[in-house]
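Positions are given from 1 along the sequence. Values in this document were obtained by computation on a predicted structure and should not be read as measured data. Keep in mind that the numbers below use all heavy atoms, side chains included, and drop hydrogens, waters and symmetry copies.
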Amino acid sequence: MATSNPSAPADNTDLPAPSTNGNGNTHAEGHITTISGMYEDYFLDYASYVILERAVPAIEDGLKPVQRRILHAMYEKEDGRYNKVANLIGNTMQYHPHGDAAIGDALVNLGQKELMIDTQGNWGDYRTGDSAAAPRYIEARLTKFALEVAFNPQTTNWQLSYDGRKKEPIFLPMKFPLILAQGTDGIAVGLSTKILPHNFIELCKASIDILRGKRVKIYPDFMTGGSIDVTDYNGGERGGKVKVRAKIEKADKHLLLIKDLPYGSTVSSLIDSITKAAEKGKIKIKKIDDNTAAEVEISIELAPGTSPDVAMDALYAFTDCEVSISPNACIIVDNKPVFTTVEEILRISTENTKDLLRQELEIKKHELEEKWLFASLEKIFIENRIYHQIEECESWEEVMAVIYRELKKYVATPSDQSAGGKGVDNRLKLFRELTDDDIIRLTEIRIKRISKYNSFKADELIEKIIEELEDTEHHLANLTDYAVAYFQNLLDKYGKGRERRTIISGGFETIQVTQVVANNAKLYVDRKEGFIGMGLKKEGEFVCDCSDIDDIIVFRKDGKFLVSRIADKTFVGKDIIHVDVWKKGDERTTYNMMYLDGKTGVSRAKRFNVTAITRDKEYDLTTGEPNSKLLYFTANPNGEAELVTVTLSPNCTARIKVFDYGFADLEIKGRGSQGNIVSKYPVKKVVLKEAGQSTIGAIKVWMDEVSGRLNTDERGKYLGAFDTGDQILAIYNDGSYETVGFELTRRFEVKDLADITKLTPETVVSAVYFDGNKEWTMVKRFHIETNSTGQKFSFISEHKSSKLYFATAQETPVVKYSYKVKNQKFEEEVNLAGFIDVKGWKALGNKLGDYKLLTVKPLASEKPAAEREEKEAVGLEKKAAPKAPEKLHPGDTIDFDVDPKGQTKLF
């Protein structure tokens, strides 16, 4: 049923006639709205709104609008007590034109950062991903830190709220780089921002350095701990990158413990990623348990036969134990998004803090000046009994005039001071002109106050005001020093317990996934039909265990090879002579081959590596002529060079038809080289006569002193040159040692190591320890007599009070130690090699003293054997050979010298 509108015209005669625009859209006269205009303008308006009002924080206070409104609403209700979060959400909705759920999520997010909001109740857990309880069950209030740095109505600029009923701050007067302390991320239209959180203490110290004119560098710090590679951080600017790792510890040989989480991960998401990697066969685990309580702990029980070092690398390579984060520092400056660095954000924030402090000081100065002025006028008004002069006045104007006239006898305003005149110097000089308000305030003084006025106390008050005013003016004159003291005060009051949690690393070692992935597949080859793959169990020949991400190298009799990614079944060509897993960049695996040149009939031999290829591309190892073929081929994992017997065709004209050929005489060259000529005559067969030794020398190995990982990149401590069968000796702080192989996947806990070096038959371990049974400090030296690899042996007594002070594998260590006897401290030095002879590893050693040591420090002695070995090798390479005489003539003499070893030297 239709209803009529009394205010509407009775017919359409009074309405304006509709018109049309060029696009055919009708509109009312004076108000044009076109579809094309809506697309052009509305989208830009929406994009601007999302950028400025939703996603990207402002540089002034480091807050998004919803966060700013939450803190302002909490400040309005601040009385020192906790408030229900539901009430805080409701109060915030007066300023924020969105739903309660969005406000509640933002409030919980702020609370979990533990900086601006003091929480009570179940606020969830950022480590486990558990959500907070309902808003009606949890409470919050502002922290003392927030009240100190974020609020001051006198320095705040205000605007009307979205409905015009309330006033809200345009920006909070933030006197701290909050955006860098909390971090932020947001996705807007056409851009995004991601600023990582930084350490509170480091931000305060960096702000102080900026104020002092120093250049600063700051790096992220996460509440979840872990470690971070900041090599490519690039100041948090767009294009930078950081890698974050969980903290993984070896509990024993079969159990790994994850103690810290990477930023952005939760316990459940991390466990899910590990489970998925295990299901795909990337890592072999038996069981995974979540033991998280007050601290994070995820225990991973490894499958039998799984190396914990390889498993740790696999966790970093295939799970969220290592994540890569791309920061993108974007902030709002002057209502525009700006991409910058965290150091520039800190500089702007520090200068903004300095300016806010200046404003506060100027406001305080003005207040003190006004306070001093009124206190002085009040003193003059009462002590000189000016109030008696107004008793006969008949009008208000006359009262005002009389008081003003009488005051001018005792005070000089700026206009009086500029005019000069008699008596100005004797009057109290005011900083401004007197106003009617000043006179009115004097008339409002009660008789009770006048009767009990204490001139002495008034002078004390004025003196105190003057002192405060002088201090304030001093701070304004030395504003930089005042700002430095402000940040130092923040550091002293709130810095405790905010130490760095994330360990900064100069760079994580690169993990080759093909080296750490678990063998979750088997490689088969069908030589007859020319197929390789994981699905040839019935018709193929087993080659080796491998993973489903490995590359496979195949050599054929026609002298060609190719590399292909493993699959269920792949055709690679018939007449396969060798197939194996191929490792990129492998410079030790050396291929020895002899082939027939199909055009000339010449037989050639060569040695080569395959370090880089294009997958599924065939490479010809011969000259490429028709009828070329392989005569002999071997793959040698450590560069071995064998001796072979070559038998020529009996019908050839060669005088020697059977001879030996040694591959050790050949240099290792590129795979494209033709090789050296073996024979110009037809070869009947080539057979192995004698297995060879490695020709590429030992591997020089270092240990990274941050990660504890072995490497060949000359990073960290040099351990020595290792060849087949060599071992590493690791001495631990718990008084034990073990010998292990030098696999580059091996990792050591650096904090647990007393010393680490290459084990040789001459290696002697020197140790200083406290024996709990005898309660003596002992010294012992011993050779490594055990043969079990990977097993720890304790070389100190098992008494609970026994403790290792010092251990080293240096040949002649000298230590300086200190101890106390009858509250008197002593310091002595001892040469351990001269103090005791080398004995068995189970021997107690010799007594150093019947006391415990306070400190033990090694003194400068000779370089470790491994380091000397490295320098000597380099020295020999650089050393020039002695120059022999160019020519000897009859009658010339030659001088000889014999060294202590009996070797003759020519001079």
Side-chain angles (χ1 to χ4, degrees), residues 525 527-530 532 552-564 572-580 582 586-614 616-697:
V525 58
R527 300 179 188 274
K528 181 179 179 182
E529 299 297 329
I532 62 169
I552 308 302
I553 190 168
V554 177
F555 293 87
R556 301 197 305 257
K557 285 185 180 179
D558 59 2
K560 295 180 180 179
F561 84 94
L562 61 85
V563 174
S564 180
V572 293
K574 296 185 178 182
D575 296 326
I576 297 172
I577 62 169
H578 177 75
V579 58
D580 202 354
W582 177 76
D586 183 2
E587 296 181 349
R588 295 196 68 82
T589 299
T590 305
Y591 301 99
N592 302 338
M593 64 173 280
M594 200 176 289
Y595 71 94
L596 172 68
D597 185 343
K599 181 178 180 181
T600 62
V602 173
S603 300
R604 295 177 180 271
K606 67 178 183 178
R607 304 178 72 207
F608 60 93
N609 305 124
V610 179
T611 57
I613 48 82
T614 301
D616 299 319
K617 176 183 176 181
E618 283 192 347
Y619 295 88
D620 200 332
L621 297 170
T622 68
T623 55
E625 300 294 339
N627 300 320
S628 297
K629 64 178 182 179
L630 288 184
L631 301 174
Y632 178 83
F633 180 89
T634 58
N636 306 279
N638 203 32
E640 292 83 359
E642 65 270 34
L643 182 68
V644 297
T645 299
V646 181
T647 303
L648 302 181
S649 173
N651 298 326
C652 70
T653 59
R655 187 166 56 87
I656 301 175
K657 293 185 172 59
V658 179
F659 58 90
D660 293 339
Y661 188 88
F663 279 96
D665 299 330
L666 294 178
E667 291 184 9
I668 301 174
K669 298 182 178 180
R671 61 171 181 263
S673 66
Q674 290 188 357
N676 293 5
I677 295 177
V678 177
S679 176
K680 296 180 180 179
Y681 300 100
V683 174
K684 180 181 180 182
K685 64 178 180 178
V686 181
V687 296
L688 175 66
K689 179 178 182 180
E690 184 179 308
Q693 298 293 321
S694 174
T695 61
I696 56 178

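Residues M594 and V644 have side chains in contact (heavy-atom distance under 4.5 Å, counting atoms from C-beta outward). Proximity of V683 to S649: side-chain heavy atoms (C-beta onward) are nowhere separated by under 4.5 Å.
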Tell me which donor-acceptor pairs under 3.5 Å the side chains of residues 597-604 have, and how far apart each pair is, sequence neighbours excluded?
residue : atom : partner : partner atom : Å
D597    : OD1  : K599    : N            : 3.1
D597    : OD1  : T623    : OG1          : 3.0
D597    : OD2  : T600    : OG1          : 3.3
T600    : OG1  : V602    : N            : 3.3
R604    : NH1  : G675    : O            : 3.3

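Scored by the side-chain contact (heavy atoms from CB on, under 4.5 Å) test, D660 finds L643, T645, K689 as partners (sequence neighbours excluded). Scanning for side chain to side chain donor-acceptor pair (under 3.5 Å) contacts around D616 gives S564, with sequence neighbours left out. Checked against ring pair (Phe, Tyr, Trp, His ring centres under 6.0 Å), F561 has the following partners two or more places apart in sequence or in another chain: F555, Y619. In this structure K629 satisfies the side-chain contact (heavy atoms from CB on, under 4.5 Å) test together with L596, L631, sequence neighbours excluded. Under the salt bridge (charged side-chain N to carboxylate O under 4.0 Å, His left out) criterion, R588 pairs with no residue at all, not counting sequence neighbours. Listed by chain and number, the residues in a side-chain contact (heavy atoms from CB on, under 4.5 Å) with E640 are N636, P637, N638 (sequence neighbours excluded). For the side-chain contact (heavy atoms from CB on, under 4.5 Å) test, no residue two or more places apart in sequence or in another chain qualifies with Q693. By the salt bridge (charged side-chain N to carboxylate O under 4.0 Å, His left out) test, E618 pairs with R556, sequence neighbours left out. Here D575 pairs with nothing under the side chain to side chain donor-acceptor pair (under 3.5 Å) rule; sequence neighbours left out.
Under the salt bridge (Lys or Arg N to Asp or Glu O under 4.0 Å) criterion, no residue pair touches residues 664-684, with sequence neighbours excluded. The ring-ring contact (aromatic ring centres under 6.0 Å, His included) pairs that include a residue from residues 663-683 are Y632-F663, Y661-F663, where partners are two or more places apart or lie in different chains.
For the atom pair CG (L666) and OG1 (T695), the distance works out to 9.5 Å, reported to the nearest 0.5 Å.
For the residue pair T622/D620, the side-chain donor-acceptor check at 3.5 Å is satisfied.
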